[in-house]
Amino acid sequence: MLLYVTKPSTNVSETFVIGIAVYRIAADEGFIIDGDFAYFKRVVDSMNLPIDDIPLKADTLQQTVKGVYAKSFLDWKSDGMTGRRLSEYNDIHNIAQIFSQILADNRPKR
């Protein structure tokens, strides 16, 4: 499974964007317990992803998964967002959509 990510449109790190997006979908799909950032970090670390240059930290993720990102992905809305905040939202939303589709495409058919 490959998650190809383009450079975020803002100065936000790729790890930040991917971390929030993957966390939200993983929580929504029941792969992790929503709010258990330490467990999510252990899962990501066990995958040996090539993101060593910008380490994903559980406490940083916990501080950033707030507001719209604390809600189920289906409830995300960009209402009232402008400028950099809207660009960050669009980056994170796009990655979450891609990851969600990857999971759907690889889910066993019944």
Side-chain angles (χ1 to χ4, degrees):
M1 175 178 1
L2 177 64
L3 180 60
Y4 179 73
V5 181
T6 59
K7 193 94 171 133
S9 60
T10 63
N11 291 342
V12 175
S13 77
E14 293 164 15
T15 303
F16 173 82
V17 170
I18 295 169
I20 290 176
V22 172
Y23 168 82
R24 181 72 270 146
I25 299 303
D28 289 355
E29 293 286 333
F31 294 121
I32 61 167
I33 297 170
D34 198 3
D36 193 344
F37 299 97
Y39 177 70
F40 176 72
K41 170 75 168 118
R42 286 193 304 275
V43 169
V44 170
D45 287 347
S46 73
M47 295 175 161
N48 296 319
L49 299 173
I51 57 172
D52 296 332
D53 54 331
I54 309 170
L56 179 65
K57 298 179 180 171
D59 58 334
T60 303
L61 189 60
Q62 184 173 4
Q63 293 170 11
T64 56
V65 177
K66 293 185 178 179
V68 68
Y69 308 118
K71 299 176 183 177
S72 169
F73 179 67
L74 296 175
D75 296 330
W76 284 15
K77 303 253 186 294
S78 63
D79 299 345
M81 293 183 191
T82 59
R84 180 177 180 204
R85 190 164 177 235
L86 180 58
S87 293
E88 288 174 0
Y89 170 85
N90 287 333
D91 289 339
I92 294 167
H93 189 272
N94 289 338
I95 299 301
Q97 279 184 314
I98 292 167
F99 185 60
S100 183
Q101 188 61 51
I102 289 169
L103 292 178
D105 291 348
N106 289 283
R107 196 168 278 128
K109 309 294 184 237
R110 292 184 189 187

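Owing to the predicted nature of the structure, the values given are computational and were not obtained by experimental measurement.
Within the structure, salt bridge (charged side-chain N to carboxylate O under 4.0 Å, His left out) contacts touching residues 19-35 (residues at least two apart or in different chains) are R24-D28, R24-D34, E29-R107. Annotation: side chain to side chain donor-acceptor pair (under 3.5 Å) contacts involving residues 92-103, sequence neighbours excluded, comprise Q101-D105.
Partners of S78 by side-chain contact (heavy atoms from CB on, under 4.5 Å), not counting sequence neighbours, listed by chain and number: M81, L86, Y89. By the side-chain contact (heavy atoms from CB on, under 4.5 Å) test, A58 is found to be paired with F37, K41, residues two or more places apart in sequence or in another chain being considered. With sequence neighbours excluded, the residues that form a side-chain contact (heavy atoms from CB on, under 4.5 Å) with D75 are K71, S72. Not counting sequence neighbours, the partners of F40 by the ring pair (Phe, Tyr, Trp, His ring centres under 6.0 Å) test are Y23.
The heavy-atom pair separating V65 from I20 by the smallest distance is CG2-CG1, 4.4 Å. Nearest heavy atoms, I95 versus A21: CG2-CB, 3.5 Å. Annotation for A26 and F99: closest pair N-CE2, 4.4 Å, computed over non-hydrogen atoms.
Summarising the geometry, atom CD1 belonging to I98 is positioned 12.0 Å from atom CG belonging to L103; distances are rounded to the nearest 0.5 Å. Remark: I32 CD1 to R42 CZ distance equals 11.0 Å, nearest 0.5 Å.
Between F73 and I25, the closest side-chain pair of non-hydrogen atoms falls below 4.5 Å. Between V43 and F31 there is no side-chain heavy-atom pair separated by less than 4.5 Å.
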